[in-house]
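Order of the sequence lines sets the chain letters (A, B, ...), proteins ahead of strands, with each chain counted from 1.
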Amino acid sequence: MLDIKLIREHPQTVKEGIAKKGEDPASIDKVLGFDARRREIIQQSELLKSRKNAVSAEVGKLKREGKDASAVIAEMDEVKSNIKAFDDELALIEADLNKLLLTIPNIPHPDVPVGRTPEDNKEVSRWGEIEQQEFEMKPHWELIQKLDIIDFERGVKVTGAGFPFYKDKGAKLQRALINFFLDEAATRGYKELQPPLMINTASATGTGQLPDKEDLMYTVPRDEFYMVPTAEVPVTNIFRDEILSEKDLPVKFCAYTPCFRREAGSYGKDVRGLNRLHQFDKVELVKFVHPEKSYEELESLRDDAERLLQLLALPYRVLLMCTGDMGFTQTKKYDLEVWAPAQKRWLEVSSISNFESFQARRMNIRFRPAGGKPEILHTLNGSGLALPRVVAALLEHYQTPEGKVIVPKALHKYTGFEVIG
RNA sequence: GGAGAGCUGGCAGAACGGCUAAUGCACCGGUCUUGAAAACCGGCGUCCGUAAGGACUUUGGGGUUCGAAUCCCUAGCUCUCCGCCA
């Protein structure tokens with residue numbers, strides 16, 4: 001959430017910022033109205049409370065001296081009911097204000113292209129050669145079926161669409177990629193975590209999944225938990241309501257988890273094969289950083305993620321997301337898209353974002369600068385990487401005319417085999 | 001799942017329903033010192049207010065009372081014992 005002081009002091013800047021994300025700037029005027037009323041009530045209520053405290057102290061004194069206090073006590077009835085009236089209104093205003101603040105998106109960084117649709121995203125770089133093979137390339141779902149390495153149909157029976165079984169070399173390839181990604185992250189200074197796979201409401205609100213994206217998550221109603229939609233949620237919440245020392249920054253974590261997403265409303269060829277699943281595996285990279293460093297940390301995070309695709313020798317491009325396409329919580333976001341040669345399309349395998357203080361303020365994560373008061377820090381995260389589309393691109397890219405798949409060299413020590421099929 | 005005990009600042013740890021929520025450690029600033037340590041002084045949560053000042057803060061929420069860390073209800077969490085269990 002945005003800093004109320006920022007909204008109070010620079011309402012115009014904030015309005016322009018959220019307008020770029022396609023949000024109605026009128027909500028800012030509502031915030032200002034609530035804020036003004038809130039402060040007005042606080043002042044009146046506190047005046048009465050001050051009076052009440054003074055009277056109570058007086059009563060204590062009279063009683064100790066053995067005198068009668070009934071006259072002063074009688075005076076309190078009205079004061080108390082007035083306090084209650086103010087505090088009731090204050091509670092309502094604060095609830096409204098807070099609810100509203102939670103629905104106001106983060107303000108985009110000035111570098112970010114202004115736009116509304118994916119066409120407005122800016123390609124900032126490209127790596128690797130996109131070559132068309134001589135032979136007819138098969139899309140990954142056909143390779144999967146022929147090689148019998150992933151069973152979608154039985155997944156449908158056991159759970160539903162989008163919950164596949166990975167089999168044989170398919171399962172081993174998953175394990176290999178997860179270990180490869182985690183090991184590479186470790187070489188870049190990320191400490192490994194195995195987080196909880198269910199999260200509570202406070203955690204989901206902290207990173208911004210709630211209230212914005214409630215429909216995206218699977219719920220566990222009996223215990224009021226959500227299944228993790230990404231490791232970002234438990235990992236970023238690890239320091240909720242804590243104060244870190246400045247000398248410990250940046251703190252870097254990597255975590256593998258399955259991710260569960262309802263993805264309501266998606267269908268068609270976008271979801272063929274591994275393109276979109278309800279349960280998928282991902283290694284996530286999360287950083288807690290000093291506010292002055294967050295944009296350089298964003299670039300190094302992007303480099304950490306890009307390197308993984310380079311090691312797998314898969315062609316990809318980097319997009320700088322436009323204001324309208326980047327999401328609620330981010331100030332600046334890159335997507336990495338890998339080339340799937342048989343489908344002849346780019347597949348998003350990583351999103352790399354700076355949230356500045358937006359998440360950290362919701363979670364109350366601070367650091368203590370030398371000798372100073374605690375300050376809200378900045379959070380970032382990026383996928384490093386999401387598996388299914390990497391697998392899709394890998395199968396398509398490394399297929400042979402005979403329908404086999406060559407395992408890229410970087411994975412050999414993890415898979416223990418060099419060819420599938 | 002059952003029974004019991006508990007939750008006070010960054011940490012440890014006091015407080016008969018009333019007077020400024022002690023005290024110690026850690027941390028920050030200052031004095032002193034060539035420098036450091038020690039000692040001493042001050043600071044060390046949030047909000048409102050230009051300020052003076054005021055309000056709030058003993059896990060969260062509600063209640064009793066002129067007045068609640070303290071009593072009552074409720075939620076969460078932690079610990080101990082029992083049961084079940086990979």
Side-chain angles (χ1 to χ4, degrees), chain A residues 1-10 31-102 194-206 210 219-226 234 237-249 251 288 290 357 360-377:
Chain A
M1 99 179 107
L2 296 172
D3 187 356
I4 182 69
K5 285 185 195 135
L6 179 74
I7 297 176
R8 198 185 291 155
E9 286 159 23
H10 305 285
V31 168
L32 292 171
F34 284 142
D35 182 51
R37 180 65 186 146
R38 169 177 174 269
R39 287 187 290 165
E40 198 178 309
I41 297 169
I42 285 174
Q43 287 176 37
Q44 300 191 47
S45 164
E46 288 190 353
L47 204 63
L48 294 176
K49 283 177 182 169
S50 178
R51 173 72 186 147
K52 187 186 90 164
N53 289 344
V55 169
S56 285
E58 182 67 13
V59 170
K61 200 175 153 206
L62 289 173
K63 293 234 166 142
R64 252 172 284 122
E65 291 168 355
K67 294 179 184 162
D68 176 49
S70 52
V72 245
I73 290 174
E75 185 202 332
M76 290 321 294
D77 275 351
E78 195 186 339
V79 175
K80 279 169 70 183
S81 75
N82 286 337
I83 291 174
K84 182 142 173 50
F86 281 127
D87 282 355
D88 286 349
E89 190 186 347
L90 183 62
L92 289 176
I93 295 267
E94 290 197 327
D96 286 346
L97 176 60
N98 211 268
K99 216 166 127 188
L100 190 57
L101 281 175
L102 288 175
Q194 271 193 35
L197 300 183
M198 297 184 203
I199 50 174
N200 58 30
T201 306
S203 295
T205 307
L210 291 179
T219 55
V220 185
R222 180 93 154 70
D223 299 286
E224 295 184 62
F225 294 145
Y226 296 89
N237 273 278
I238 194 172
F239 292 136
R240 176 146 47 85
D241 292 319
E242 294 193 31
I243 301 172
L244 311 185
S245 349
E246 187 175 28
K247 64 174 165 39
D248 292 338
L249 300 180
V251 178
F288 302 85
H290 194 287
S357 60
R361 183 167 299 104
R362 288 169 166 241
M363 286 179 282
N364 193 28
I365 306 178
R366 296 172 292 173
F367 72 100
R368 195 184 292 278
K373 285 188 151 194
E375 279 176 44
I376 306 280
L377 50 70

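Rounded to whole Å, atom C1' of B:C47 lies 14 Å from atom CG of A:Asn364. Atom CG of A:Asp3 and atom P of B:U46 are 13 Å apart (whole Å). The interatomic distance linking A:Asp241 (CG) with B:G76 (C1') rounds to 14 Å, in whole Å. Atom CZ in A:Arg38 sits about 8 Å away from atom C1' in B:C48, given to the nearest Å. In this structure, A:Phe367 atom CZ and B:C28 atom P are separated by 16 Å, rounded to whole Å. Rounded to an integer number of Å, the gap from CZ of A:Phe239 to C1' of B:G10 is 15 Å. Residue A:Glu375 contributes atom CD, which lies 12 Å from atom P of B:U46 at whole-angstrom precision. One can place CD1 of A:Ile243 at 13 Å from C1' of B:C11, the figure rounded to the nearest angstrom.
Partners of A:Lys84 under the salt bridge (charged side-chain N to carboxylate O under 4.0 Å, His left out) rule, at least two apart in sequence or in another chain, are A:Asp88. Remark: A:Arg240 pairs with no residue by the salt bridge (charged side-chain N to carboxylate O under 4.0 Å, His left out) rule, at least two apart or across chains. A:Glu375 pairs by the salt bridge (charged side-chain N to carboxylate O under 4.0 Å, His left out) definition with nothing, not counting sequence neighbours. Residues passing the side-chain contact (heavy atoms from CB on, under 4.5 Å) test with A:Thr219, sequence neighbours excluded: A:Pro221, A:Tyr226. Considering only residues two or more places apart in sequence or on other chains, A:Asp3 meets the side-chain contact (heavy atoms from CB on, under 4.5 Å) condition with A:Lys5, A:Leu6, A:Arg361. For the salt bridge (charged side-chain N to carboxylate O under 4.0 Å, His left out) test, no residue two or more places apart in sequence or in another chain qualifies with A:Arg366.
If you take atom P in B:G2 and the same atom in B:G18, they sit 37 Å apart, rounded to whole Å. Rounded to whole Å, the separation between the P atoms of B:U57 and B:C19 comes to 15 Å. Nucleotides B:A22 and B:A69 place their P atoms 13 Å apart, quoted to the nearest Å. Between the C1' atoms of B:C16 and B:A12, the separation comes to 25 Å (whole Å). Atom name P, nucleotides B:U80 and B:G10: the rounded distance is 25 Å, in whole Å. With both ends at atom C1', the span from B:G62 to B:G76 equals 15 Å, rounded to whole Å. Distance check on atom P: B:U20 versus B:A26 gives 30 Å, rounded to whole Å. Atom P of B:G29 sits at a distance of 49 Å from the matching atom of B:C73, rounded to the whole Å.
Ring geometry for A:His290 against A:Phe367 counts as tilted: the plane angle lies between 30° and 60°, on a 0 to 90° scale.
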Next item on the list: Decide yes or no on side chain to side chain contact (heavy atoms under 4.5 Å, CB included) for A:Val31 and A:Ile4, but give the supporting numbers first.
Entry: CA-CA 9 Å; A:Val31 168; A:Ile4 182 69; 3.7 Å; yes
Next item on the list: Can you run through RNA chain B from 5' to 3' and write each base as (, ), [, ], | or . depending on how it pairs? Watson-Crick or G-U wobble, both distances under 3.5 Å.
Entry: (((((((..(((.....[....))).(((((.......))))).((((....))))..(((((..]....))))))))))))....
For a quick test of your reading: what N or O donor-acceptor pairs under 3.5 Å do the side chains of residues 40-49 of chain A make, sequence neighbours left out?
| residue | atom | partner | partner atom | Å |
| --- | --- | --- | --- | --- |
| A:Glu40 | OE2 | A:Arg37 | NH1 | 2.8 |
| A:Ser45 | OG | A:Asp87 | OD1 | 3.0 |
| A:Lys49 | NZ | A:Asp87 | OD2 | 3.2 |

Next item on the list: Give the B/S/- string for nucleotides 49-71 of chain B, one per nucleotide from 5' to 3', where a protein heavy atom under 4.0 Å of the base yields B, of only the sugar-phosphate yields S, and otherwise -.
Entry: S----BSS---------BS----
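No side-chain donor-acceptor contact under 3.5 Å links A:Arg38 to the backbone of A:Glu94.
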